[in-house]
Amino acid sequence: MHYWLFKSEPDEFSFQDLLHCDERRTVWDGVRNYQARNLMRDHMAVDDLAFFYHSSCKQPAIVGICRISATKVPDPSAFDTSSPYFDPKSDPSNPRWLTVEVCALEALSRPVTLKEMRQLEALADMTLLNNPRLSVQPVEASHWQCIVQRAET
DNA sequence: GCCAACGTTGGC
DNA sequence: GCCAACGTTGGC
């Protein structure tokens, strides 16, 4: 059982959008970074939990919790010529971009902002604070618990 | 395989 | 809108 963090720009796809999806689930498409892909493809398991983080917005923050509901899903956008994520180098018989399906569990009681996280000593070595560009990240259990508790304060 | 140039991300 | 950090590309 591992913990993760998914970043999304809320103008593109917010946690609210996920809550409104059929069965609150969606295939996490569009990741075109190998480090992020490898985490999803090689390390995620069904029932792992993940934070949903809003980036590139007025209040960057962790806003919700998701569950991984399926793994090793070929990213359909890689084969969609009308998608900005179309990748002509991805062979349908050997897809380059394997992703996961995420299912919304619940919003945090309140968002835990990036600003707030930066002030917490316990989170000093969290990936989000040190490599903010990685779009899918591992989260240590201690960091997870710290943030969940924080949201209850 | 190196590395400069370029593009993208994302906080501010 | 700026800019630092990082990833990718492509010539050599």
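Each chain gets a letter, A, B and so on, in the order the sequences are listed, and its residues count up from 1.
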Q) Nearest of C:dT8, B:dG11, B:dT8 to any side-chain atom of A:Y53? A) B:dG11
Q. Just how far, in rounded Å, is C1' of C:dT8 from CD of A:Q35?
A. 14 Å
Q: Check the distance between C:dT8's C1' and A:R96's CZ and give it to me in whole angstrom.
A: 13 Å
Q. Does a side-chain N-to-carboxylate-O contact under 4.0 Å join A:D47 and A:R67?
A. yes
Q: Verify the contact: side-chain N or O of A:R118 to OP1 or OP2 of B:dC12, cut-off strictly under 4.0 Å; return yes or no.
A: yes
Q) So which nucleotide from B:dG11, C:dT8, C:dC6 ends up closest to the side chain of A:N33? A) C:dT8
Q | A:K58 NZ - B:dC12 P separation (whole Å) | A | 16 Å
Q) Whole-Å distance between B:dT8 C1' and A:R133 CZ? A) 6 Å
Q: Return the value, rounded to whole Å, for the distance between atom CD of A:Q137 and atom P of B:dT9.
A: 15 Å
Q: Would you indicate whether A:F13, at its atom CZ, is surrounded by more than 12 heavy atoms from other residues, nucleotides or ligands within a distance under 6.0 Å?
A: yes
Q: Could you state the atom-to-atom distance from CZ of A:R32 to P of C:dC6 in whole Å?
A: 23 Å
Q.
Any side-chain N or O of A:Y34 below 4.0 angstrom from OP1/OP2 of C:dC6?
A. no
Q. Between A:E116 and A:R110, is there a salt bridge with N-O shorter than 4.0 Å?
A. yes
**Q.** A:L129 CG - B:dC12 C1' separation (whole Å)
**A.** 15 Å
Q: Check the distance between C:dC6's C1' and A:L128's CG and give it to me in whole angstrom.
A: 15 Å
Q.
Does A:L114 reach a base, just sugar-phosphate, or nothing at all? Heavy atoms under 4.0 Å.
A. sugar-phosphate
Q: Look at the side chain of A:D91 and the backbone N and O of A:R96, then say whether any donor-acceptor pair between them is shorter than 3.5 Å.
A: no
